[in-house]
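Scroll down for the structure; my scribbles are underneath it.
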Amino acid sequence: MKIRRTIPAAILLCVLSSSVFAANLINRQATEETRNLYFNLSKLGPKVMFGHEDSLAYGTQWWGQGRKATLNSDIKLVSGAFPAVLGADLGGIGTGNYQNLDGVKFSDYRYYIQQNFRLGGVNTISWHMYSPVDLHNAWTQKSYVHDLIPGGRYHNRLITFLDSFIHFNERLKVNVNGKKIWIPIIFRPWHEHNGDWFWWGKGHTSEQDYIALWKFTVDYLNGKGQNNLIYEFSPDRSRLDMQHFRLSYLYGYAGDKYVDILGYDNYWDLGHPANLLPAKTQQLMFVQGLEKLTDLAAEKNKVSALSEGGQEGVTEDHFWTQRFSAGIFANRKTSRISYALVWRNNNESGGEKGHFFGTYPRQKNADDFRSFYHNPDIVLLDTIPDLYHR
Ligand code: BMA
């Protein structure tokens, strides 16, 4: 006799609704908080988190003292709130330096990341990696990748660098109510690879080698039990062909089993000086790019983000409301990105002024930033939902 198995309707409904968004990280061993973060990022829209690189480390007019001083941020000085996403960059780790390429001590970074997590914020790490072959900084067209991937003559040096990352990452643990938690990190290695300015970039590195580099990085870190990582892929907008977005975006993409977040770095459509298109056309492209990105992410059941961007010097009047958030909140598709992070506010004491992408007190667009902050759909740390529980 044939037995017909029937699935109770309630269970079926439950299974179906939870599969609307797969929300599975590529690392099946990921910690509970990491899985929860990823799941919650996928449900954030139409709200979008605001992020700022190095926000707690320094600002245009001040330099942080790690645990020796109260937390500060240019964003907080203007709006009263810390950004929801804190960016950090490990350029310089592995070379024996105790600080990164912009002068932030790695031990201070650890503290800022921990404090941000305790306050409910999200952390992301990029890595302007010095070349493990000759310690040249990231900006060179020399071709090192082939020698660093498995089978390459300097492969062991890449492993040494990845081990230095592991050393840092393993220490990103905090005690919360007696429970040791490994702080989830959105890890964004090998970024802007479709540009030709970094040694892992297009032209001097073949697509095949780049993919081998990406895959090795993920497999190695997963193999070493780095279960707090969410992997983000982030090509640069200036080298994307908007007519063939999908094809050009996926250049160097190692596959759905190797990427969790589809990001993209966009300075280009936000008034980059080399972009000679009228502001209106740029805005159209900004909106279109976000739509195409979030469509692709939806198709792949993945989270998306504006991983990096902004306008250097924020010179344009009403940049925050009329360009940045006008694009991000243009429609239901654009606002599906989980976060938008602007790059760092360089500290002026070194003499270089005008290299900033956030706001700071008395900057000419500070009032406009406050209006942007009051948009109920933009999330800073004061309105962030609990992203680490389900
Ligand atoms: C670049 C610039 C550099 C900086 C680097 C890494 O875009 O901001 O000044 O060293 O990022 O943060």
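Numbering of ligands and ligand atoms starts at 1, following listing order.
- Closest heavy-atom approach to atom 2 (C) of ligand 1 within the set Glu352, Glu192, Glu53, His355: this belongs to His355.
- Among all non-hydrogen protein atoms, the one lying nearest atom 11 (O) of ligand 1 is Trp343 NE1, 3.1 Å.
- The same ILVMFWY cluster, assembled from side-chain heavy atoms under 4.5 Å apart, contains both Trp63 and Leu86.
- Atom CH2 of residue Trp139 and atom OG of residue Ser131 lie 13.5 Å apart, to the nearest 0.5 angstrom.
- Tracing side-chain contacts under 4.5 Å through hydrophobic residues (I, L, V, M, F, W, Y), one never reaches Leu77 starting from Tyr360; they form parts of separate clusters.
- In terms of polar-atom proximity, Trp139 is not counted as a contact of ligand 1, lacking any N or O under 3.5 Å from an N or O of the ligand.
- In terms of protein heavy atoms, atom 4 (C) of ligand 1 is closest to Asp102 OD1, 3.3 Å.
- Nearest protein heavy-atom neighbour of atom 3 (C) of ligand 1: Arg344 NH2, 3.7 Å.
- By the 30° and 60° cut-offs, the orientation of the rings of Phe372 relative to Phe50 is perpendicular.
- Geometric assessment of Lys76 against the ring of Phe82 yields a positive cation-pi assignment under the 6.0 Å and 45° thresholds.
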